[in-house]
Amino acid sequence: MSEVKEYLYKILVVGDLGTGKTSIIRRYVHNIFSSNYKSTIGVDFALKVIQWSPDIIVRLQLWDIAGQERFGNMTRVYYKEALGAFVVCDVTRQSTFEGVTKWKDDIDQKVNLPNAWGGGRIPVVLLANKSDLVNEGHGQHVNPVEMDELCEKHGFIKWFETSAKDNTNIDDAARFLIQSILSIE
Ligand code: GDP
Ligand code: MG
């Protein structure tokens with residue numbers, strides 16, 4: 001019989017206010033969406049347990065920020081021991097794409113992988129959220145070539161267009177991030 005391995009991964013979810021960070025977490029962890037969710041000020045945690053394979057269990061601890069987005073950065077304490085991150089922007093608001101590079105720089109400056117893992121940058125996935133609104137005539141779908149360039153330039157491992165409302169691509173994005181963390185160790 002093979003031994004079951006369990007991993008606990010701290011994952012940060014950052015991005016400008018209103019891009020859908022909390023909605024993505026609620027969709028991913030509880031499979032719910034509401035358009036008038038009121039956040040409390042502070043840091044929220046959500047835990048998602050994933051049976052990754054017959055012998056690997058991954059516990060994802062998702063760190064949500066509430067109310068501190070407007071400062072555009074977080075403290076080192078918040079980032080401490082994170083092994084991966086999502087940076088979220090909103091396809092209907094161009095300014096949130098500018099926020100993306102700021103958030104990525106903040107992560108790169110304040111957190112590294114553990115020394116035992118080589119100490120490099122943690123893997124970060126870019127989420128362009130609210131894709132459902134494009135189909136309703138708001139904003140526009142991202143340009144894949146531009147998104148690839150953005151990822152290349154700022155060191156995101158991949159981007160996904162997501163919808164917390166329609167549950168599009170959120171599982172895929174999480175799987176990609178987990179796979180990437182598992183492959184570093
Ligand atoms: P946060 O500030 O980044 O945590 O953003 P919230 O999760 O609070 O979302 C801000 C607003 O955008 C809320 O009214 C959400 O219902 C809405 N929202 C979030 N994700 C989506 C999405 O994928 N599609 C649509 N149509 N609305 C979304
Ligand atoms: Mg929130």
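Keep in mind that what you see is a predicted model, and the values were worked out from it rather than measured. Both counts, for ligands and for their atoms, begin at 1 and track the order of listing.
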Distance, nearest 0.5 Å, that separates CG of Asn31 from CG of Asn167: 5.5 Å
Distance filter under 4.0 Å to Lys165 heavy atoms, resulting ligand 1 atoms: 22 (C), 23 (O), 24 (N), 26 (N)
- request: Give yes or no for whether the N/O distance cutoff of 3.5 Å, strictly under, is met between Asp64 and ligand 1.
  value: no
query: Do the side chain of Asn169 and the main chain of Glu161 share a donor and acceptor less than 3.5 angstrom apart?
result: yes
task: Flag Thr162 as yes when one of its N or O atoms lies below 3.5 Å from any N or O atom of ligand 1, and as no otherwise.
output: no
statement: The residue among Val125, Asp172, Asp132, Ile170 that forms side-chain contact (heavy atoms from CB on, under 4.5 Å) with Thr162 is Ile170
- prompt: Is it true that some N/O/S atom of Thr22, main chain or side chain, lies under 2.8 Å from the Mg ion (ligand 2)?
  reply: yes
message: Do Asp44 and Thr22 have side chains that approach each other closer than 4.5 Å (heavy atoms only, starting at C-beta)?
response: no
- line: If we number the atoms of ligand 1 from 1 as shown, the ones under 4.0 Å from a heavy atom of Leu133 are 26 (N)
- prompt: Below 4.0 Å from any atom of ligand 1, is there a heavy atom belonging to Glu69?
  reply: yes
query: Considering only heavy atoms of Ser23, which atoms of ligand 1 have at least one such atom less than 4.0 Å away?
result: 6 (P), 7 (O), 9 (O), 15 (C), 19 (C), 20 (N)
task: Measure from the side-chain N and O atoms of Thr92 to the backbone N and O of Gly139, and report whether any donor-acceptor pair falls under 3.5 Å.
output: no
message: Set out, in order, the CA-CA distance, both residues' side-chain angles and the distance that settles side-chain hydrogen bond (donor to acceptor under 3.5 Å, both in side chains) for Trp103 and Asp16, then state yes or no.
response: CA-CA 8 Å; Trp103 286 108; Asp16 288 354; 2.9 Å; yes
task: Mark the output for Gly18 as yes if a heavy-atom distance to ligand 1 is under 4.0 Å, and as no if none is.
output: yes
query: Counting each atom of ligand 1 from 1 as listed, which ones have a heavy atom of Thr22 under 4.0 Å away?
result: 4 (O), 7 (O)
- prompt: Of the listed options (Ser34, Ser131, Gly20, Ala164), which comes nearest to atom 5 (O) of ligand 1 when hydrogens are ignored and any heavy atom counts?
  reply: Gly20
query: Given that the side chain starts at C-beta and the backbone is N, CA, C, O, which of these parts of Asn129 lies under 4.0 Å from ligand 1, counting heavy atoms, or is it both or neither?
result: side chain
task: Would you kindly check if the NZ (Lys) or CZ (Arg) of Lys158 is within the cone defined by 45 degrees around the ring axis of Phe160 and under 6.0 Å from the six-membered ring centre?
output: yes
- prompt: Salt bridge between Asp106 and Lys110, side-chain N to carboxylate O under 4.0 Å?
  reply: yes
